[in-house]
Amino acid sequence: MSASLDGRLVVALSSRALFDFEEENQVFEANDDRAYMQLQLQRLEQPALPGVAFSLARKLLAFNVDPAAPHVDVVILSRNDPVSGMRVFRSAQHYGLPIERGAFTRGQSPWRYLRPLGAQLFLSANLADVRQALDAGVPAAQVYPHSARASEAHPNELRIAFDGDAVLFSDEAEVIYQRDGLDAFQRHEVSRASTPLPPGPFKPLLEALHRLQRSAGAGGTHLRTALVTARSAPAHERAIRTLMDWQIEVDEAIFLGGLPKGPFLREFEPDFFFDDQTGHVANAASHVPSGHVASGVRNLGTP
């Protein structure tokens, strides 16, 4: 019988998302891929340091309590060459990460392999690859490789924080805010408080995470989610009612009314945070692992 990923949460990570290859990447970006390959080969026996998405991957894989019936599959999708891919797998093995699958495309975009994998999340340091994944309907974010690493205070709890508009929800309300200002945005949301917002690009991931929690049962790892949004009362109600309509519960909802998100995320201590605004991501990245969701009106026309 052939192998199948049906029924699993499939997460695809670039090598730079999973491991800290920033020093090696400087050689890669100099357009000398053979020098990069040689450097990685020289360091084959030297495990790479954990990268920005390492804690996320490790805790997701911890849901696989029964190796014979895994709930999660983490796959490497990388612009690295196949030779450099050996170090990626060696490093994963060193840390006890049961990662078996990977595609190494030597400078070409690997996003096209997301569809046959049925991936429900793609994290990469390459913005173009992230945009292509989002256009294909796959939740995706550009990792900030120099983000703070995840706290080790919650070893048995996977914590993920999401922005609302243009991430979990569509950018419908954000369009109003950008065009007409805060007062118009508040009036728009209050008048539609009982009307669910259309889904954003990360709704499928939030749904998949909650299915994972239910299917994995009372194992050793648990899920805790947070909505961290610039919204404030009275626009909070539509966001909460939308989640209720989707029959999705988040554990925490933080309505900041424009305050910087970083200090609040530092207290929540997520393994990863997703936001569509580069300013919010940059502010968060000094405190927690963070990624930019290049979707919605805020990202129109950006390179």
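Sorted by first and then second residue, the salt bridge (charged side-chain N to carboxylate O under 4.0 Å, His left out) pairs with a member in residues 52-69 read Lys59-Asp271; sequence neighbours excluded. Among residue pairs with one or both ends in residues 132-159, none qualify as ring-ring contact (aromatic ring centres under 6.0 Å, His included); sequence neighbours excluded.
Between the side chain of Ser91 and the backbone N or O of Ala48, at least one donor-acceptor pair lies under 3.5 Å. Using a distance-only test at 3.5 Å, with no hydrogens or angles considered, a donor-acceptor pair links the side chain of Arg149 to the main chain of Ser147. Not a single donor-acceptor pair under 3.5 Å links the side chain of Asp171 to the backbone N or O of Glu174. With hydrogens and angles ignored, the 3.5 Å screen pairs a side-chain donor or acceptor of Arg238 with a backbone N or O of Arg192. The main-chain N or O of Val10 is found under 3.5 Å from a side-chain atom of Gln120 such that the two form a donor-acceptor pair. With hydrogens and angles disregarded, a donor-acceptor distance shorter than 3.5 Å links the side chain of Ser295 to the backbone of Ala166. For Arg16 (side chain) and Pro145 (main-chain N/O), no donor-acceptor pair under 3.5 Å exists by modelled atom type. Side-chain atoms of Ser84 never come within 3.5 Å of backbone atoms of Gln40 as a donor-acceptor pair (strictly under, hydrogens ignored). With hydrogens and angles disregarded, no donor-acceptor distance shorter than 3.5 Å links the side chain of Thr225 to the backbone of Glu252. Under the 3.5 Å distance criterion, the side-chain polar atoms of His292 are left unmatched by any main-chain donor or acceptor of Val281.
Rounding to the nearest 0.5 Å places NE2 of His287 at 8.5 Å from CG of Leu265. Of the inter-residue distances, the one linking Glu189 atom CD with Arg241 atom CZ reads 13.0 Å to the nearest 0.5 angstrom. Taking CG of Leu206 as the reference point, atom CZ of Arg211 lies at 10.0 Å (rounded to 0.5 Å). Annotation: the span from Glu22 atom CD to Leu49 atom CG amounts to 11.0 Å, rounded to 0.5 Å. A distance of 8.0 Å separates CG of Asp73 from CG of Leu61, quoted to the nearest 0.5 Å. Put simply, OG on Ser194 and CD on Glu237 are 8.0 Å apart, with the number rounded to the nearest 0.5 Å.
Linking Ile, Leu, Val, Met, Phe, Trp and Tyr residues whenever their side-chain heavy atoms come within less than 4.5 Å places Leu158 and Val143 in a single cluster. Tracing side-chain contacts under 4.5 Å through hydrophobic residues (I, L, V, M, F, W, Y), one never reaches Leu134 starting from Leu114; they form parts of separate clusters. Linking ILVMFWY side-chain heavy atoms closer than 4.5 Å, directly or via other members, places Leu227 and Leu259 in two distinct hydrophobic clusters. In the hydrophobic clustering of ILVMFWY residues, with side-chain heavy atoms under 4.5 Å counting as a link, Val138 and Trp111 come out together. No chain of hydrophobic side-chain contacts below 4.5 Å, direct or via other Ile, Leu, Val, Met, Phe, Trp or Tyr residues, connects Leu77 to Leu123.
Other residues, nucleotides and ligands contribute at most 12 non-hydrogen atoms within 6.0 Å of the CZ atom of Arg34. In Tyr113, the OH atom is not crowded: 12 or fewer heavy atoms of neighbouring residues, nucleotides or ligands sit closer than 6.0 Å. Dense packing is recorded around CD of Glu157, with more than 12 heavy atoms of other residues, nucleotides or ligands lying under 6.0 Å away. More than 12 heavy atoms of other shown residues, nucleotides or ligands fall within 6.0 angstrom of atom CD in Gln42. Shown here is Gln108, whose CD atom has no more than 12 heavy atoms of other residues, nucleotides or ligands within 6.0 Å.
Among Thr221, Leu209, Leu223, the one residue that satisfies the side chain to side chain contact (heavy atoms under 4.5 Å, CB included) test with Leu60 is Leu209.
Taking the six-membered ring for Trp, His71 and Phe63 have ring centres at least 6.0 Å apart.
In this structure, Phe21 has no ring pair (Phe, Tyr, Trp, His ring centres under 6.0 Å) partners at least two apart in sequence or on a different chain. Partners of His188 according to the ring pair (Phe, Tyr, Trp, His ring centres under 6.0 Å) rule, which considers only residues two or more places apart in sequence or in another chain, do not exist here. Every residue meeting the ring pair (Phe, Tyr, Trp, His ring centres under 6.0 Å) condition with Tyr36, not counting sequence neighbours, appears here in chain and number order: Phe28. Partners of Phe268 under the ring pair (Phe, Tyr, Trp, His ring centres under 6.0 Å) rule, at least two apart in sequence or in another chain, do not exist in this structure.
Between Ser232 and Gln186 there is a side-chain heavy-atom pair separated by less than 4.5 Å. Side-chain contact between Leu243 and Val250: present, with at least one pair of heavy atoms (C-beta onward) separated by less than 4.5 Å. Leu56 has its side chain within reach of Ile160: a pair of non-hydrogen atoms, C-beta onward, lies under 4.5 Å apart. In this structure the side chain of Val75 never reaches within 4.5 angstrom of the side chain of Phe122, judged on heavy atoms.
Ring geometry for Phe274 against Phe202 counts as tilted: the plane angle lies between 30° and 60°, on a 0 to 90° scale. His236 and Phe255 have perpendicular rings, their planes meeting at more than 60° on a 0 to 90° scale where under 30° would count as parallel. Note: Tyr95 and Phe54 have perpendicular aromatic rings, judged against thresholds of 30 and 60 degrees for the angle between ring planes.
Smallest separation of non-hydrogen atoms from Thr105 and Ser109: OG1-C, 4.3 Å. For the residue pair Ala230 and Lys261, the shortest heavy atom distance occurs at N-CE, 3.9 Å. Residues Arg131 and Ala294 approach most closely at NH1-O, 3.8 Å, considering heavy atoms. Across Pro116 and Arg112, no two heavy atoms sit closer than the pair CD-O, 3.5 Å. When all heavy atoms are compared, the tightest approach of Ser290 to Val52 is N-CG2, 4.0 Å. The minimum heavy-atom distance linking Phe272 with Gly291 is given by the pair CE2-N, 3.4 Å.
Using a 4.0 Å cut-off between charged nitrogen and carboxylate oxygen, Asp276 and Arg298 do not count as a salt-bridge pair. A salt bridge between Arg231 and Asp165 is present, with a side-chain N of the basic residue lying under 4.0 Å from a carboxylate O of the acidic one.
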Q: Starting from the C-alpha separation in whole Å, work towards a yes-or-no answer on ring-ring contact (aromatic ring centres under 6.0 Å, His included) for Phe104 and Phe89.
A: CA-CA 11 Å; Phe104 301 91; Phe89 279 123; 5.8 Å; yes
